[in-house]
Amino acid sequence: MSFSTLVNDLTYRDRPTSTNTASTAHTDTRSQISRARSYASTAATSVSIAGDISSQLHGGYSHPLARAWQAERQLTKSMLIYPLFITDNPDEMEAISSLPGQKRMGLNRVVEFLRPLIQKGLKSVILFGVPLAPTAKDALGTAADDPQGPVMACLRLLRRAYPRLFLIADVCLCEYTSHGHCGILHEDGSLNNNLSVDRVSDVAVAYAEAGAHCVAPSDMNDGRIRAIKLKLIEAGIAHKVVLMSYSAKFSGCLYGPFRDAAGSCPSFGDRRCYQLPPGGRGLARRAIHRDIGEGADIIMVKPATQYLDIISDAKEIGKDMPVAAYHVSGEYAMIHAAAKAGVFDLKTMAFEATEGILRAGASIVVSYFTPEFLDWLET
């Protein structure tokens with residue numbers, strides 16, 4: 001029974017039989033409301049006595065701030081990592097058609113591009129090299145650690161321009177190999193894991209020595225975390241370089257826009273033999289255990305929103321470690337496409353997707369929405 005119904009019911013039952021003055025009628029109405037409130041209070045007390053009070057939840061999130069307090073993790077600017085595609089054409093600033101709002105840029109453009117974002121609170125970027133020169137790619141990915149290559153040069157540049165910006169270098173060979181795979185191949189086209197690990201670990205150390213605060217191997221070759229850690233120790237810089245492993249990186253169709261941007265699509269075959277199968281939850285858990293044991297400082301899950309259970313597993317397994325998630329290019333592009341079609345509001349969905357990632361257990365998110373979040377988190 002609603003409060004207004006209760007008042008009407010009491011009014012009907014207690015209607016006076018004689019004609020009253022206006023003042024008396026007003027007094028009677030106030031009395032009836034007071035008795036109704038007392039009756040309602042008694043009814044509520046009986047509910048609590050019956051033990052049903054725990055079902056009353058609305059009060060706990062009726063206010064916007066109270067709703068924010070319900071989140072175990074609230075999105076902050078320091079959680080965000082912004083991916084950058086750096087080319088070997090120093091003056092380039094080219095839009096990526098399959099990644100709305102994202103650009104490939106050269107060294108002469110990146111400092112000014114980042115300036116307003118840093119002023120808004122950008123804390124970290126992850127660099128991906130995009131060699132465009134006709135002779136830049138070969139079977140060994142030689143250009144990956146070329147001292148004058150896009151990533152190495154960009155690391156040195158950004159360390160000088162923005163000393164407080166946290167620089168992460170993605171470590172892989174796929175952008176630099178003529179075949180587009182994430183390592184060195186056997187003659188039959190399969191991955192040569194030993195040679196790949198040796199090469200990737202050399203590249204990681206080169207990036208660290210060029211100024212990366214963090215190296216992030218995404219190649220998924222077995223044993224590369226241990227190899228990188230050992231070489232960082234040998235180089236005397238392990239104490240000041242974060243090792244973030246793409247521990248659970250799944251194969252699938254959500255990387256298409258990234259491969260357009262980075263020019264890293266395999267020239268033959270696919271990556272299913274070294275990236276994890278989408279249904280391989282147990283494999284992902286084993287890979288996470290392995291990489292923690294080999295010395296990873298941060299573990300990453302990629303993609304993010306389709307693998308929230310893996311993010312949760314990663315947090316359970318690495319409960320004393322930061323967990324990162326990469327909200328990949330396909331996820332980002334789908335949200336843009338659906339918003340453009342009127343399915344939902346872009347900002348609302350970007351927050352829902354990212355908050356789901358945090359709820360699952362991540363505390364770091366690699367996101368193409370970072371520039372927008374820098375604005376949205378101000379309001």
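Side-chain contact between K249 and Y255 is present, with at least one heavy-atom pair separated by less than 4.5 Å. Y176 places a side-chain heavy atom less than 4.5 Å from the side chain of V151. When side chains are defined from C-beta on, R159 counts as touching H213, because their heavy atoms get closer than 4.5 Å. Proximity of T370 to I81: side-chain heavy atoms (C-beta onward) are nowhere separated by under 4.5 Å. Proximity of L374 to K77: side-chain heavy atoms (C-beta onward) are separated by under 4.5 Å at one or more points. For the pair M93/F113, a side-chain contact is recorded, criterion being any heavy-atom separation below 4.5 Å from C-beta on. In this structure the side chain of D222 never reaches within 4.5 angstrom of the side chain of V197, judged on heavy atoms. M349 has its side chain out of reach of L346: every pair of non-hydrogen atoms, C-beta onward, lies at least 4.5 Å apart.
I168 contributes atom CD1, which lies 7.5 Å from atom CD1 of I364 (distance to the nearest 0.5 angstrom). Separation of atoms CD (E352) and OG1 (T305) is listed at 12.0 Å; rounding is to 0.5 Å. With rounding to the nearest 0.5 Å, the separation of CG in L84 from CD1 in I126 is 9.5 Å. Here the straight-line distance linking atom CG of D202 with atom OH of Y207 works out to 11.5 Å at 0.5 Å rounding. Between the OG atom of S190 and the CG atom of L185 there is a distance of 7.5 Å, given to the nearest 0.5 Å. Remark: E72 CD to R359 CZ distance equals 10.0 Å, nearest 0.5 Å.
Between the side chain of K231 and the backbone N or O of A204, no donor-acceptor pair lies under 3.5 Å. Side chain of Y332 to main chain of P100: a donor-acceptor pair is present (N/O by atom type, distance under 3.5 Å, no hydrogens or angles). With hydrogens and angles ignored, the 3.5 Å screen pairs a side-chain donor or acceptor of Q102 with a backbone N or O of Y368. Judged purely by atom type and a 3.5 angstrom limit, D219 has no side-chain atom pairing as donor or acceptor with the backbone of C172. Counting only distance, with no hydrogens or angles, the side chain of K229 and the backbone of G295 share a donor-acceptor pair below 3.5 Å. At distances below 3.5 Å, at least one donor-acceptor pair connects side-chain atoms of H179 with backbone N or O atoms of H181. A donor-acceptor distance shorter than 3.5 angstrom exists from the side chain of E331 to the backbone of V328, with no hydrogens or angles considered. T354 places a side-chain N or O within donor-acceptor distance of the main-chain N or O of A350, the cut-off being under 3.5 Å. Not one N or O on the side chain of T177 forms a donor-acceptor pair closer than 3.5 Å with the backbone of D138. A donor-acceptor pair under 3.5 Å links the side-chain atoms of D88 to the main chain of A133, judged by distance alone.
No side-chain donor from either of T87 and N89 sits under 3.5 Å from a side-chain acceptor of the other.
Within a 6.0 Å sphere centred on CZ of R290, heavy atoms belonging to other residues, nucleotides or ligands number more than 12.
With hydrophobic clusters built from ILVMFWY side chains whose heavy atoms lie under 4.5 angstrom apart, V366 shares a cluster with L99. Cluster membership for L167 and L232, using ILVMFWY side-chain heavy atoms within less than 4.5 angstrom, is shared. Both I96 and L254 belong to a common hydrophobic cluster when Ile, Leu, Val, Met, Phe, Trp and Tyr are linked at side-chain heavy-atom distances under 4.5 angstrom. In the hydrophobic cluster analysis, where Ile, Leu, Val, Met, Phe, Trp and Tyr join through side-chain heavy atoms closer than 4.5 angstrom, L80 is grouped apart from L114. Hydrophobic clustering (ILVMFWY, side-chain heavy atoms < 4.5 Å, transitive): M220 and I310 are in one cluster.
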Which is it for F373 and F351 under the side chain to side chain contact (heavy atoms under 4.5 Å, CB included) test, yes or no, and what are the steps along the way? CA-CA 9 Å; F373 278 133; F351 268 103; 3.9 Å; yes
Between I357 and L308, is the side chain to side chain contact (heavy atoms under 4.5 Å, CB included) condition met? List the steps. CA-CA 6 Å; I357 294 166; L308 297 179; 4.2 Å; yes
Could you walk me through whether R199 and D145 pass the salt bridge (charged side-chain N to carboxylate O under 4.0 Å, His left out) check? CA-CA 10 Å; R199 178 81 184 102; D145 52 357; 2.9 Å; yes
Between E316 and R285, does the salt bridge (charged side-chain N to carboxylate O under 4.0 Å, His left out) criterion hold? Intermediate values first, please. CA-CA 10 Å; E316 173 199 333; R285 292 177 65 92; 3.4 Å; yes
Could you please spell out the steps behind the side chain to side chain contact (heavy atoms under 4.5 Å, CB included) verdict for L377 and T76? CA-CA 7 Å; L377 290 170; T76 65; 5.7 Å; no
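Between Q74 and L358, the closest heavy-atom pair is C-CD1, 4.1 Å. The nearest pair of heavy atoms linking I225 to P217 is CD1-CG, 3.5 Å. The shortest non-hydrogen separation linking M244 to C214 is CB-SG, 3.7 Å. Heavy-atom minimum distance, S98 versus A333: O-CB, 3.7 Å. Contact between Y246 and R224 at its shortest, heavy atoms only, is O-NH2, 3.0 Å. The nearest pair of heavy atoms linking L165 to L122 is CD1-O, 4.0 Å.
Between H336 and F369, the ring-plane angle classifies as parallel under the 30° and 60° cut-offs.
In summary, D260 and R104 do not engage in a salt bridge, as defined by a charged side-chain N under 4.0 Å from a carboxylate O.
The cationic atom of K302 (NZ for Lys, CZ for Arg) lies less than 6.0 Å from the six-membered ring centre of F258 and within 45° of the ring axis.
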